[in-house]
Participant: 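Below is a structure I'd like to ask you about.
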Amino acid sequence: MKICVLPGDGIGPEITAEAVRVLKALGLKFEMEEALLGGCAVDATGDPYPEATQKLAQAADAVLLGAVGGPKWDVYPREQRPERGLLGIRKQLGLFANLRPAVLYSELANASTLKPEVVSGLDILIIRELTGDIYFGQPRGIEVRNGEKVGINTMIYSESEIRRIAKVAFESARKRNKKLCSVDKINVLECTQLWRDTVSGMAADYPDVELTHMLVDNAAMQLVRNPKQFDVMVTGNMFGDILSDEASMLTGSIGMLPSASLDANNKGMFEPCHGSAPDIAGKGIANPLATILSAAMMLRYTFAREAEAQHIESAVKKVLAQGYRTGDIYESGAKRVGTREMGDAVLAAL
Ligand code: IPM
Ligand code: MG
């Protein structure tokens, strides 16, 4: 079980360290090696996804990633931005299926800005296509047309790309509450018409799954109006980026949301949904739970170690029940802890 650990930038190293401690405490035989991705890699090598990291990531069974990016690199040319490294590794490893579960732990019902009755018991899975769409479509760029600058990006999906993500979505729904909502924008975008037609065409193979379709603007509204109507949602790269951030707030904090990005053989990269939080980097106060929960997803999806995955998830639930809170999920009366202490609490609960 080879794991490539990419701490990245900002709070990345702090939160990854806690997830690594949790993995090591399980008593399984992991081989872990660290490498550079993102801004730290740009600083060291000029490349956000350097050769050495590519080799390690390709040879590993799974990648554990903290977060990349920060204001320091926002002024760099696009090829040298940390985000380029992240998109590069997703594309190179073929990690087309991004699973972002939004689960509300009952202990955090008050941390959400939504009314407890709207979010209590929430358990939805957003499946975001991760290697296509406007993120990678050509042509792209900024050029001069008719004497002025124009910015261009291309939204594009092939049938095969849609089919392989839809298959993951139907199969995931089958293992859950058997409801799948596909999100598109067919009233305006042809690309998403192909998306809807292709997903619909597969429904007959999954008669046990109830398939519905929703326009993305409506989906954004329904997610805050009545999120519990959803079980599994599937959508393209850009809509999924936006809807998954929105869904995270239903759970109280984006600091709680893990993610898995999988290829066709369940090799994967596991990372929190949140970013590098440069404003609190190095202060030891970031919430490590999303990264710890991402490690649990690694055990479940790549290593087929469901029991150990559940141990970690139960340990997280326990520390929340014990009242441990980082700043992002703090409520009065709780025990305010930093990153390391939260890691300690999870280890003790394990
Ligand atoms: C995410 C992030 C990334 C994305 C950024 C950092 C490139 O927002 O993983 O959701 O847009 O995919
Ligand atoms: Mg995002």
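Note that ligands are numbered from 1 as they come in the structure, with each ligand's atoms numbered from 1 the same way.
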Participant: Taking distance alone, no hydrogens or angles, what donor-acceptor pairs closer than 3.5 Å link side-chain atoms of residues 20-40 to residues at least two apart or in another chain?
Facilitator:
{"from": "R21", "atom 1": "NE", "to": "E18", "atom 2": "OE1", "distance (Å)": "3.1"}
{"from": "R21", "atom 1": "NH1", "to": "D344", "atom 2": "OD1", "distance (Å)": "3.1"}
{"from": "R21", "atom 1": "NH2", "to": "E18", "atom 2": "OE1", "distance (Å)": "2.7"}
{"from": "R21", "atom 1": "NH2", "to": "R340", "atom 2": "O", "distance (Å)": "3.4"}
{"from": "R21", "atom 1": "NH2", "to": "D344", "atom 2": "OD1", "distance (Å)": "2.8"}

Participant: Rounded to the nearest 0.5 Å, what separation is found between the CG atom of D123 and the OG1 atom of T251?
Facilitator: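 D123 atom CG to T251 atom OG1 measures 11.5 Å (nearest 0.5 Å).
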Participant: For V68 versus P82, what's the shortest heavy-atom pair and its separation?
Facilitator: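 For V68 versus P82, the nearest heavy atoms are CG2-O, 3.8 Å.
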Participant: Could you pull out the N/O/S protein atoms under 2.8 Å of the Mg ion (ligand 2), ignoring any water?
Facilitator: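 Hits for the Mg ion (ligand 2) below 2.8 Å: D241 OD1.
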Participant: Let's go through E129 and T131 carefully: what are the C-alpha distance in whole Å and the side-chain angles of both, what is the deciding distance for side-chain hydrogen bond (donor to acceptor under 3.5 Å, both in side chains) to 0.1 Å, and is it a yes or a no?
Facilitator: CA-CA 6 Å; E129 200 289 330; T131 52; 3.2 Å; yes
Participant: Which of these passes side-chain contact (heavy atoms from CB on, under 4.5 Å) with I165: V234, N237, V199?
Facilitator: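 Filter result, single survivor: V234.
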Participant: Distance under 4.0 Å, heavy atoms only, partner ligand 1: which residues pass?
Facilitator: E83, L86, R90, R100, R128, Y135, D241
Participant: Indicate whether the side chain of R196 and that of Q193 have a donor and an acceptor atom separated by less than 3.5 Å.
Facilitator: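 Side-chain D/A pair, R196 to Q193: absent.
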Participant: Nearest 0.5 Å, please: how far is CZ in F230 from CD1 in I126?
Facilitator: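 The distance works out to 8.5 Å.
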Participant: Could you tell me the separation between the CZ atom of F170 and the NZ atom of K178, rounded to the nearest 0.5 Å?
Facilitator: 14.0 Å
Participant: State which residues pass salt bridge (Lys or Arg N to Asp or Glu O under 4.0 Å) with D47; sequence neighbours excluded, sorted by chain then number.
Facilitator: none
